[in-house]
Amino acid sequence: MSDFPGLGDVAGKRVLVRSDLNVPLDGTTITDDGRIRASVPTIRALAEAGARVVVTAHLGRPKGAPEAKYSLAPVAGRLGELLGAPVAFATDTVGESATATVAGLADGEVALLENVRFNAGETSKDEGERLAFAQQLAALADAFVSDGFGVVHRKQASVYEIATLLPHTMGGLVAAEVDVLKRLTESPVRPYAVVLGGSKVSDKLGVIDNLLGKADTLLIGGGMVFTFLAAQGHEVGKSLLEADQLDTCRSYLARADELGVKIVLPTDVVVDTAFPSGDVTPSPTVVAADAIPADSLGLDIGPESGKAFAAVLAEAHTVFWNGPMGVFEVAAFAEGTRAVAQALTGVDGLSVVGGGDSAAAVRALGFADDDFGHISTGGGASLEYLEGKTLPGLQILED
Ligand code: 3PG
Ligand code: MG
């Protein structure tokens, strides 16, 4: 018998843990188990304290009803392997299987409920519907541990309403993620550089807006960079372009100038005449960022830009990175992302890889988790935190 931080003696109690086990799958094969590994310490600590651990999580975005391809069954198997103990899997969220599975747990045993988003109440826009579903979840447990960092920006039943119904605490993963985010926002050791990539600038507007007042340098790559290049008046050929964001990008460039914040854009780009697909052999060409041919599209930052980005990161003492620099899944367009990842491994200070996709990217490129100061399990959640937003799943734990 031992205490669990924030809940006291949990021996013999049923403890519901919200984890983020939303891992990429190829069929039923887990292609990156980072989020499952990150969830293990809290689950193990509860089990070792004698709790009957009931894990709830989502996978993908099913529409409030069961869908085989979004089943958590493969995740239950992997979780059991990592825990070194069997995980009982309930084939529904709060129904007969869940009730029987939880009732069958002995002290120190672990169960996983089926995808919580198979129930429409989980993500309903109607507060009453979410609360009603949270009450069904709450009936399965005596206490709640919030440990799904990747979903703390979601006002959903298993993240938010549940904490209004059960004694609750923050799990170790969420606590560790929040600690790192505080170091990035409260008094970052300077120089503070932020690398942003990914395809859409419209996903990053809030974070750019807020970081312009906080970071010393913003390095921009990925598909989103072409809207910035176009905002500077360059032709971008067939590259991704969000025409409705050109003015916003221009205003960011102007504000950065006024504030003395450096926005660094690539000076060279790897282009091809078509987006890489299975039946086309890539023919990558490096061109100057202001000379993208009309028939081509940019698919990665070029080698000169990779070196320039790395040089900025070598001077920084705090780095946050979200979003790949190019189509890293294809070797011909992975070098920009690799250069940034490599540079992060050498940062003298705090280096943070933010997000599920960026985390999966660095692992796919062969980097190890401990090459970085911190690999966040939540992309959307960490971006919203850096935007300065209130995250419902964190706020409800403070009340
Ligand atoms: C993620 O993959 O970012 C988290 O698991 C949250 O998933 P969601 O964006 O579908 O809410
Ligand atoms: Mg509270």
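Atoms within a ligand are numbered from 1 in the order they appear, just like the ligands themselves. Just so you know, these numbers use all the heavy atoms, side chains as well, and skip hydrogens, waters and symmetry mates.
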### Message
Using the rule that Ile, Leu, Val, Met, Phe, Trp and Tyr join whenever any side-chain heavy atoms are under 4.5 Å apart, tell me whether L383 and V151 fall into a single cluster.
### Response
no
### Query
For ligand 1, which atoms, with element, lie under 4.0 Å from some heavy atom of R154?
8 (P), 9 (O), 11 (O)
### Summary
Tracing side-chain contacts under 4.5 Å among Ile, Leu, Val, Met, Phe, Trp and Tyr outward from F144 reaches L16, V54, V94, V102, L105, L113, V116, F133, L137, L140, I162, L166
### Summary
ligand 1 atoms nearer than 4.0 angstrom to some heavy atom of D20 are 4 (C), 5 (O)
### Lys/Arg N to Asp/Glu carboxylate O, D147 vs R18, below 4.0 Å
no
### Query
If you link I, L, V, M, F, W and Y whenever their side-chain heavy atoms are under 4.5 Å apart, who else ends up in the same group as L165?
L131
#### Entry: Atoms of ligand 1, numbered as shown, that sit under 4.0 Å from any heavy atom of G150
4 (C), 6 (C)
#### Entry: Close N or O approach (R61, ligand 1; < 3.5 Å)
yes
### Summary
Contact region, Q156 to ligand 1, non-hydrogen atoms below 4.0 Å, reads neither
### Query
In Å and rounded to the nearest 0.5 Å, what is the CG to NZ distance from L205 to K200?
10.5 Å
